[in-house]
Amino acid sequence: QVQLVESGGGLVQAGGSLRLSCAASGSISYINPMGWYRQAPGKQRELVATITSGGITNYADSVKGRFTISRANGKNTVYLQMNSLKPEDTAVYYCNARGWSPGSVLPYDYWGQGTQVTVSS
């Protein structure tokens with residue numbers, strides 16, 4: 001069984017910063033990519049940022065230049081540094097990992113439990 005454990009959410013004023021962390025554990029051979037998604041009330045879940053095992057990143061246009069995703073070398077851990085936060089960044093942030101279990105040919109999408117980020121104006 002694979003678990004994604006997130007931490008780092010909270011309440012911050014507009015213009016402030018937060019750093020989210022997500023660590024994957026369990027019976028998993030390989031993860032690629034890892035990323036963050038978010039879901040605001042009444043809206044669909046949307047991509048925030050992803051990073052491959054080779055360090056290639058992809059960002060939603062709305063967060064480019066403000067958020068930075070990174071991945072710990074050799075570890076199934078991903079971070080999201082969020083700067084210049086805006087009220088519209090308020091959402092539940094979910095960690096995602098596409099991974100292969102031992103002996104599995106097809107990957108599976110794993111999700112964390114979500115962490116609330118609230119940005120006040």
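All values below come from the heavy atoms of this structure, side chains included, with hydrogens, waters and symmetry mates left out.
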Exercise. Under a single-linkage definition using a 4.5 Å side-chain heavy-atom cutoff for Ile, Leu, Val, Met, Phe, Trp and Tyr, are Y93 and V63 assigned to the same hydrophobic cluster?
Worked result: yes
In Å and rounded to the nearest 0.5 Å, what is the [atom1] to [atom2] distance from [X] to [Y]?
X: T50; Y: N58; atom1: OG1; atom2: CG; result: 4.5 Å
X: Y37; Y: W111; atom1: OH; atom2: CH2; result: 5.5 Å
X: L11; Y: S120; atom1: CG; atom2: OG; result: 5.0 Å
X: I51; Y: N32; atom1: CD1; atom2: CG; result: 10.0 Å

Seminar exercise, completed: Residue pairs meeting salt bridge (charged side-chain N to carboxylate O under 4.0 Å, His left out), one or both in residues 94-115, sequence neighbours left out, come to R98-D109
Problem set entry | Residue pairs involving residues 7-27 (criterion salt bridge (charged side-chain N to carboxylate O under 4.0 Å, His left out); sequence neighbours excluded) | none
Nearest atoms (heavy-atom pairs only) where [X] meets [Y]:
X: C95; Y: M34; answer: SG-CE, 4.3 Å
X: I69; Y: Y59; answer: N-OH, 2.9 Å
X: S101; Y: Y110; answer: OG-OH, 3.3 Å
X: I31; Y: A97; answer: CG2-CB, 3.8 Å
X: G8; Y: L18; answer: O-CD2, 3.9 Å

For this session: Verify the neighbour count for atom CD of Q3: are there more than 12 heavy atoms of other residues, nucleotides or ligands below 6.0 Å?
Result: no
Exercise. Given the side-chain rings of W100 and Y30, with only the six-membered ring counted for Trp, is the space between their centroids under 6.0 Å?
Worked result: yes
Exercise. Does a side-chain heavy-atom distance below 4.5 Å link D89 with F67?
Worked result: yes
Exercise. Side-chain contact, heavy-atom cut-off 4.5 Å: W36 with E6?
Worked result: yes
Problem set entry | Derivation and outcome, side chain to side chain donor-acceptor pair (under 3.5 Å), residues T90 and E88 | CA-CA 5 Å; T90 295; E88 50 263 44; over 6 Å; no
Problem set entry | disulfide (SG to SG under 2.5 Å) contacts touching residues 31-87 (sequence neighbours left out) | none
Report all side-chain donor-acceptor pairs from residues 74-87 shorter than 3.5 Å, counting only partners two or more places apart or in another chain.
| unit_1 | atom_1 | unit_2 | atom_2 | d |
| --- | --- | --- | --- | --- |
| Q81 | NE2 | N83 | OD1 | 2.9 |
| N83 | OD1 | S17 | OG | 2.9 |

For this session: With sequence neighbours left out, write down each residue that passes salt bridge (charged side-chain N to carboxylate O under 4.0 Å, His left out) with E46, or none if nothing qualifies.
Result: R38
Side-chain donor-acceptor distances from residues 20-28 under 3.5 Å, at least two apart:
none

